[in-house]
Protein chains: 2
Amino acid sequence: MTDDDLMTIRQMCDTFEVTPRTLRFYESKELLAPKREGQKRLFTRRDRARLKLILRGKRFGFSLEEIRQLLDLYEIGDDQETQLTQARAIAQNRLEDLKARRVDLEEAIADLEEQIAWGEETLQKLRRNPAA
Amino acid sequence: MTDDDLMTIRQMCDTFEVTPRTLRFYESKELLAPKREGQKRLFTRRDRARLKLILRGKRFGFSLEEIRQLLDLYEIGDDQETQLTQARAIAQNRLEDLKARRVDLEEAIADLEEQIAWGEETLQKLRRNPAA
DNA sequence: AGTCACATTGACGTTCACGTAAGGCAAACG
DNA sequence: CGTTTGCCTTACGTGAACGTCAATGTGACT
């Protein structure tokens, strides 16, 4: 454990396909908190885990602010009962949100598959009767 | 069928919880194409179907431009073989995208449930041993 | 005819999530 | 030792998706 699970900004960019600007921007919004060696940023394993969650959140259309709050849920660790209870409430809201999205997503998939099937069928008919 | 499945902008706003500005904006981007009675917009059943898809697309983080292209998939109807074939390609890409999202979403849900379970457990321990 | 409630068209403003120079520091290479 | 390379900060710019305000129009009461 030489503590060298640290990555430069460029390594991060290559790994996650983001720009340096993006990582600095996320830091400015307190989504990431890389260490420093002099001026230079060094991203930890924790930063990478968070970035993964950030990008996932973005794919689901969450704003960075929403993501920031979500991230905090994964980051309690040493805490009081009240905070845990609050966290549970927030987490359960998120969970319901996600489950609703799942339903929505299933519907979208079904719709599209139906649409594709209809297209296939129409193509078949066209080929049997090439009269436009 | 008095052709009165037409809605004013206000009815649309109330039904879908959007602002007039939003509907006009979508029209300017050619996502909607309400009829006119004089100056006033009248939204058809088709507009409502499209708006529903638009809002769903937004929930999944698609841009309006992406949504516009997606909408076209549902709007072929009278067409040539080539266009149908192209549409199928696009639709299948979308479908794979959606299915990937589904996997992603399942993971997110699993993560959160795990996190909540951990929180519950920690709460139990705290209650058995109220020594902070 | 008056006025009240809404709708419409510009046009400018705003927030979010970065992009894009401009200028400086510092290690590394020829 | 100069310069190229890579990262840093500061700061202004940008596109998307609307918000907001002003001026105008128009149908529906009273």
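Letters A, B, ... mirror the listed sequences (proteins, then strands); counts begin at 1. Side chains are part of it too, since the values below use all heavy atoms of this structure and drop only hydrogens, waters and symmetry mates. Just so it is clear, the structure is predicted and the values come from calculations on it, not from any experiment.
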Output yes when a side-chain donor or acceptor of [X] lies under 3.5 Å from a complementary backbone atom of [Y], and no otherwise.
| X | Y | value |
| --- | --- | --- |
| B/E107 | B/D104 | no |
| B/R36 | B/L42 | no |
| B/T22 | B/V18 | no |

| task | Indicate yes or no: does A/R68 engage A/E30 in a salt bridge with an N to O separation below 4.0 Å. | result |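 Looking at A/R68 and A/E30, the cut-off is not met.
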| field | A/E113 bridged to B/K99 by N-O distance under 4.0 Å | value |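 Salt bridge between A/E113 and B/K99, a charged N being under 4.0 Å from a carboxylate O: yes.
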Between [N] atom [atom2] and [X] atom [atom1], what is the distance in whole Å?
| X | N | atom1 | atom2 | result |
| --- | --- | --- | --- | --- |
| A/I9 | D/dG6 | CD1 | P | 13 Å |
| B/E66 | D/dA17 | CD | C1' | 14 Å |
| A/F43 | D/dG6 | CZ | P | 17 Å |
| A/D14 | D/dG6 | CG | C1' | 13 Å |
| A/Q39 | D/dC8 | CD | P | 8 Å |
| A/R21 | C/dA22 | CZ | P | 16 Å |
| A/E37 | D/dC7 | CD | P | 13 Å |
| B/K40 | D/dG27 | NZ | P | 7 Å |

| Quiz item: cation-pi between B/R101 and B/F62, 6.0 Å / 45° |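 Yes, a cation-pi geometry holds between B/R101 and B/F62.
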| task | Report yes if at least one side-chain N or O of A/R10 is closer than 4.0 Å to OP1 or OP2 of D/dG6; otherwise report no. | result |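 No, outside the criterion.
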| query | OP1 or OP2 of C/dC18 less than 4.0 angstrom from a side-chain nitrogen or oxygen of A/T19, does that happen here? | reply |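 No.
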| field | Step-by-step salt bridge (Lys or Arg N to Asp or Glu O under 4.0 Å) determination, B/R56 to A/D111 | value | CA-CA 12 Å; B/R56 180 158 81 188; A/D111 281 6; 3.0 Å; yes
| said: Counting only heavy atoms and a strict 4.0 angstrom limit, can you tell me which residues of residues 22-34 of chain B come near DNA chain D? | reply: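 Heavy-atom contacts with DNA chain D come from B/T22, B/F25, B/Y26.
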| task | With side chain to side chain contact (heavy atoms under 4.5 Å, CB included) as the test, would you mind laying out the steps for B/E17 and B/L55 before giving the verdict? | result | CA-CA 10 Å; B/E17 301 199 304; B/L55 298 179; over 6 Å; no
| task | List in numerical order all residues of residues 54-65 of chain A for which some heavy atom is under 4.0 Å away from an atom belonging to DNA chain C. | result |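 The answer is A/K58, A/S63, A/L64.
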| query | Using a distance-only test with no angle check, is there a side-chain donor-acceptor pair under 3.5 angstrom linking B/E65 and B/Q69? | reply |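 Distance-only check passes for B/E65 and B/Q69.
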